[in-house]
Amino acid sequence: MDDLNVKNQPVLKQFVPTPPRPPHKSERGILGTIRHRCFNSIGNSLLTLCVATVLFYLVKHVLDWAVFNAVFIADNRRQCMDISPDSACWAGVISWFNGLIYGRFPVDEQWRVNIGVLLGLVWLLPLMSKRIPLRNFILLSWIGLYPFVGGYLFLGGRFGEELGLVHGAMTCLALAFLAIIYANWILSALGKKGLNELFVPLVSRLVERRIHLLSFVAVWLLVALVIASGLSQVSLEPVPIERWGGLFLTFIIAGFAITMAIPVGVILALGRRSKLPVIHWLSMTVIELVRSVPLITVLFMAVTLLPIFLPADMEFNKLTQVLVAVCLFAGAYMAENIRGGLQAIPKGQYEAAATLGLGYLHTMVLIILPQALRMMIPNIMTSFISLLKDTTLVSIIGLFDIMLMARNIANDKDWVGMHTEPLVMISVLFFILCYSMSQYSLNLEKRLKVDR
Amino acid sequence: MTTSSGNLAQKAVTETAIKIDNLNKWYGDHHVLKDVSLDISEGEIMVVCGPSGSGKSTLIRSLNHLEEYQEGVVSVFGQPLSRDRQSHKIIHQTMGMVFQNFNLFPHLTVLQNCTLGLTWLRKMSERDADKMAMRLLDRVGIAHLATRYPGQLSGGQQQRVAISRSLAMEPKIMLFDEPTSALDPEMVKEVLDVMIDLAKTGMTMVCVTHEMQFARQVADRVVFMADGEIIEVGPPEQVLVNPQWDRTREFLQHVL
Ligand SMILES: Nc1ncnc2c1ncn2[C@@H]1O[C@H](COP(=O)(O)OP(=O)(O)OP(=O)(O)O)[C@@H](O)[C@H]1O
Ligand SMILES: [Mg+2]
């Protein structure tokens, strides 16, 4: 934006609102707040003391059970009982910990899961920086390309044998894209031109128009080729999908549901508002049908009915069917959220867009959806959180997600009947996950509020 | 006043920008536009006034197809408009519109509001679009607010952004639907000044407004509407000072 400040144009200054005045002196600090809020009258003081006592005993009991008297090292449940009969036996959870996280993924190959999940996070990391080039593409590429890298790492196998060639090509493209994002990020941080911009003069000699895009594609393909030749040297041990499980599988299902919820939801919501009767009724049927049955039935239907409808020679594994079902379910709920947001957009926005000459797609993508989605952040996040929790239902149809692994502990002959501790652990885990999601949504809301 | 009549004389030879031919519109049984016919020549400043509910907004919104009409033809630079893609293209290439309640895009900064059409429709590079938008914002005197969001601006400033946003698409005709009615009195002037400047550049303008001062100063012709009909058309001296019809006289007594 600096190059805008050419002659006789005023300097652009970022708008900084004045901060509010600090509170009165007696209300400052923790002690001040406590005195002001909890001990401002005799009745309130008594109430505060009562609540504090009850809380103290509650916390003490919980801590006694979970921490102070708990057993962390034991060989089996009997030993636990002998050491401390009335408190938690974490030894069982600890010995099954690996199973809870990775399911039945072969221990020697578990590093691939770690790398895969890490890569997924690393991919999104550049979004934190505001100044990175190609910012919009990062999220899109994550949705479109990351699954191939993840699939390659998690499934293993050689391209052209266990994995399709297309999958291989997409994996290389995905890794190349990631490499370019990072290269460009580092270069732009150093104040240099991006990788693709270095190529511009070279490409512009060959073709005259569309230089920027072409040079980007050229760099992309080049890096992908290098990566492909590298990957063809390594071969990963194949791991069948049936062995995926634990928190890892929960993450895959929930992650898929969460990323697909918005695109599917947007399509269904726009379809429902469409003036074409076929599209309108189709979207409406899907939304209403999926919304009015419990997720379990959707899951069962996907596993039992989908194979019947589809041609016989098409074979699906259970995970794919579940992913389709969860995606539909998430999309149908999201569609209603988004429709709510769409309805709140004033008619004037459509008219202003129309007078500028924006068509349907531009109007929706640039004007309407950003506002509708922003408005609906709390609802969308609530949906995401319940999706994360709902995915634990897949254990019912026999996927070894974290819930089924937890129940398996109680069937282990060493830890027979141990139900409570694994469930407590899962609760804590889910609390942490869901709470951070809701905190993030509050943060996001606050950050986007300036616009209103 | 002399300048405006002088302008008209010069413009008399120019092309017809908008030709409205027997426009009729019904809302159910309610006949809101009755046989409206009007020619607007290129570079002409046309002010439309009349009592509330007389169909001024409906008329001006019919011109760029924000409203549908049942009968009649609107032609722009000799091209009769229909509901097809070609007509839409003509409308968007020739007409810009400014609304009573601004209708800025609240999730975009002032600058982005102005560059949106340039980068996405004209495929202009971001740099060029920014430069062009900044020039327009500077012209309406709010270049220093370019990085703010519309919610952080006063009404008058928002309306000036809306004008720049329309101008960025380089229209030949600007439509204004009561651009100052939602503004506090002290902000009306800053928007009118921008419009007066615009009028001096030779832009064809159709303004629905109750600002009679503005009409007298820059309008080439004033249209007075009532009950969906055009009652009176003529230069401001005639319609505003010596109205021929009782309805016009009565209305003018209210607004002046
Ligand atoms: N969507 C609608 N459905 C039915 N009648 C409508 C609709 N919109 C407008 N009308 C009617 O059409 C007539 C003309 O309305 P229009 O908005 O054009 O008036 P106007 O001259 O712009 O008034 P104002 O000065 O208050 O803006 C009014 O009688 C109004 O009641
Ligand atoms: Mg009106």
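To find a chain, count down the sequence lines: A is the first, B the second, and so on, and within it residues start at 1.
- In this structure, CG on B:Leu66 lies 8.5 Å from NZ on A:Lys347, to the nearest 0.5 angstrom.
- In this structure, the portions of B:Phe105 lying under 4.5 Å from any heavy atom of chain A include both its backbone and its side chain.
- Here the side chain of A:Gln349 pairs no donor or acceptor atom with the backbone of B:Pro106 at under 3.5 angstrom.
- The contact between B:Leu104 and chain A is made entirely by backbone atoms, counting heavy-atom distances below 4.5 Å.
- Listed by sequence position, the residues of residues 261-283 of chain A in contact with chain B number zero, using a 4.5 angstrom heavy-atom cutoff.
- With a 6.0 Å radius and a threshold of 12 heavy atoms from other residues, nucleotides or ligands, B:Arg85 has its CZ atom at or below the threshold.
- Atom OG1 in A:Thr363 sits 12.0 Å away from atom CH2 in B:Trp120 (nearest 0.5 Å).
- Looking at B:Met169, the atoms closer than 4.5 Å to chain A (heavy atoms on both sides) all sit in the side chain, from C-beta outward.
- Dense packing is recorded around CD of A:Gln439, with more than 12 heavy atoms of other residues, nucleotides or ligands lying under 6.0 Å away.
- Annotation: residues 352-362 of chain A contacts chain B through A:Ala352, A:Ala353, A:Ala354, A:Thr355, A:Leu356, A:Gly357, A:Leu358, A:His362 [non-hydrogen atoms, separation under 4.5 Å].
- Summarising the geometry, atom CG belonging to B:Leu121 is positioned 8.5 Å from atom CG belonging to A:Leu366; distances are rounded to the nearest 0.5 Å.
- Between the CD atom of A:Glu351 and the CD atom of B:Glu67 there is a distance of 7.5 Å, given to the nearest 0.5 Å.
- Using a 4.5 Å cut-off between heavy atoms, B:Arg165 contacts chain A through both its backbone and its side chain.
- The candidate from B:Arg61, B:His92, B:Gln93 with the greatest count of non-hydrogen atom pairs under 4.5 Å with chain A is B:His92.
- No more than 12 heavy atoms of other residues, nucleotides or ligands sit less than 6.0 Å from atom CD of B:Glu68.
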